[in-house]
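For reference, the structure discussed in these notes is given below.
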Amino acid sequence: MSVPAPIPESAPTATAAAGLNESWRGRYASAVMNTFGTPTRVLVRGAGAHVWDADGNEYVDLLAGIAVNCLGHAHPAIIAAVTEQLRTLGHISNLFTSPAQIRLAETLDALVFPGAPQASRVFLANSGTEANEAAFKIARRHGGATRPRILALENAFHGRTMGALALTHKRAYREPFEPLPGGVEFLPAGDVDALRAALGSDVAALFVEPIQGEAGVQPLPSGYLEAARELTAAAGALLIIDEVQTGMGRTGAWMAHHLLAPGVVPDVVTLAKGLGGGMPIGATVATGEAAQLLGPGQHGTTFGGNPVAAAAALAVINTINKEELLKRVTELGDRWAAQLADVPGVTEVRGVGLLRGVGLTDTVGPAAEVAAELEQRGFIVNPPRPDTLRLAPPFVLADADADAFTGVLTDILTRRAAA
Ligand SMILES: *Cc1c(COP(=O)(O)O)cnc(C)c1O
């Protein structure tokens with residue numbers, strides 16, 4: 001069989017009037033599976049908190065690849081770490097290990113469970129959904145034959161592979177793929193009585209996000225995680241906290257639960273998104289008994305713990321420390337949220353640090369339309385809900401860019417309310 005030569009990179013057979021962006025979009029539609037719809041912009045370059053599309057338009061990236069590019073685009077520390085690691089040793093599979101993998105595991109043990117790093121263990125994967133798959137398997141191992149039930153919360157998002165999807169609440173995501181792994185039940189988020197009623201000696205685990213990101217940046221009510229810890233411990237069930245979106249400094253603390261529920265020590269924490277600063281990596285970090293439940297042959301991955309991805313994650317952690325970015329996240333996040341809360345047409349600003357949901361009044365119309373106008377004016381955000389814009393910018397976002405966004409949002413919402 002003959003394979004066609006790849007299309008040369010100078011390519012777009014430009015109907016120049018429509019622009020390179022449109023020409024690439026046409027090619028996307030005829031080459032890529034339609035799982036997202038065709039994205040509006042074809043991005044070609046990024047630097048710091050800014051990106052450029054194929055027609056040379058510049059945008060302030062207030063979404064950071066959905067809470068991923070915590071150091072912005074093309075950060076020199078990530079480039080240096082990845083380049084050096086790839087030059088030295090790129091990939092080895094999990095038949096071998098590498099200093100980068102071991103250092104990262106040690107670092108995450110201490111970062112996630114500062115009280116008892118020696119009791120914790122890490123499984124490295126490539127994404128958030130995979131981190132949750134490993135956690136799901138830990139829950140099943142803990143449950144055995146006597147604890148078949150697993151609890152998750154309404155509006156939860158834990159990923160798109162079959163196990164993580166079973167933990168994800170949205171019906172439209174789940175239904176086309178049933179039957180999913182069984183035993184999962186959904187409880188109203190934040191309802192302690194419902195949790196107490198549901199827990200028993202037949203429950204293996206409870207999965208929670210400290211702030212439900214995909215649900216529109218919806219924090220759990222204060223006290224819920226504390227109650228969840230107490231009740232799961234009493235029932236002998238694991239508490240599994242999904243910090244895929246909220247972890248790695250996004251809230252101004254390394255882990256959102258460190259900030260929002262300081263006394264709570266979960267059994268398992270899952271990470272991804274910000275962990276690699278743009279390199280694909282996920283981690284399942286467990287402590288105590290839960291750290292020992294996956295034995296030889298019970299789980300695996302060819303790419304997980306890849307030295308290049310591990311080197312990127314170590315560079316992210318070192319840079320956040322060196323540049324004192326946790327403090328930056330808190331300061332900018334607080335100031336910006338207060339500013340945004342005063343914008344006419346904004347009902348409330350939810351979330352913490354640089355993970356924010358900006359609630360909109362009905363009078364300004366659907367959030368998707370507001371997001372599209374913002375994109376036209378050079379700001380990337382997304383509408384996780386019809387009444388909410390999500391902001392999850394790089395930690396290195398400049399004050400001037402944050403202020404400029406507030407100005408443009410004010411302008412757009414004022415006009416839309418008057419229309
Ligand atoms: C994004 C996300 C996931 C899934 O991560 P992927 O890397 O897209 O698989 C899981 N849990 C939460 C809370 C997320 O925000």
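Counting starts at 1 for both ligands and their atoms, in listed order. Because the structure is predicted, anything quoted here is derived from the model rather than measured.
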- Considering only heavy atoms, does Ile66 approach ligand 1 within less than 4.0 Å through its side chain, its backbone, both, or neither? neither

- Query: Ring centroid separation for Phe303 and His91, is it under 6.0 angstrom?
  - Reply: yes

- Query: Can a salt bridge be assigned to the pair Arg328 and Asp399 using a cut-off of 4.0 Å between side-chain N and carboxylate O?
  - Reply: yes

- Query: Can you list the ligand 1 atoms lying under 4.0 Å from a non-hydrogen atom of Thr129?
  - Reply: 4 (C), 5 (O), 6 (P), 9 (O)

- Numbering as shown, the atoms of ligand 1 that approach Asn132 to under 4.0 Å (heavy-atom distance): 10 (C), 11 (N)

- Applying side chain to side chain contact (heavy atoms under 4.5 Å, CB included) between Leu389 and each of Leu374, Leu63, Asn382, report the one that passes. Leu374

- Message: Against Leu206, only a single residue in Ile150, Leu238, Leu239, Leu231 fulfils side chain to side chain contact (heavy atoms under 4.5 Å, CB included); can you say which?
- Response: Leu239

- Message: Considering both backbone and side-chain atoms of Glu209, is one of its nitrogen or oxygen atoms within less than 3.5 Å of a nitrogen or oxygen in ligand 1?
- Response: no

- Please say whether Glu130 places an N or O atom under 3.5 Å from an N or O atom belonging to ligand 1. no

[atom]: the protein heavy-atom neighbour that sits closest, reported with distance to 0.1 Å:
| atom | value |
| --- | --- |
| atom 11 (N) of ligand 1 | Asp242 OD2, 2.7 Å |
| atom 5 (O) of ligand 1 | Gly128 CA, 3.3 Å |
| atom 1 (C) of ligand 1 | Lys273 NZ, 1.5 Å |

- Centre of Tyr59's six-membered ring, under 6.0 Å away, within 45 degrees of the axis: is that where NZ or CZ of Arg41 sits? no

- Message: As a quick check of understanding, evaluate side-chain contact (heavy atoms from CB on, under 4.5 Å) for Val122 and Glu106, giving each step before the final call.
- Response: CA-CA 8 Å; Val122 177; Glu106 289 170 350; over 6 Å; no

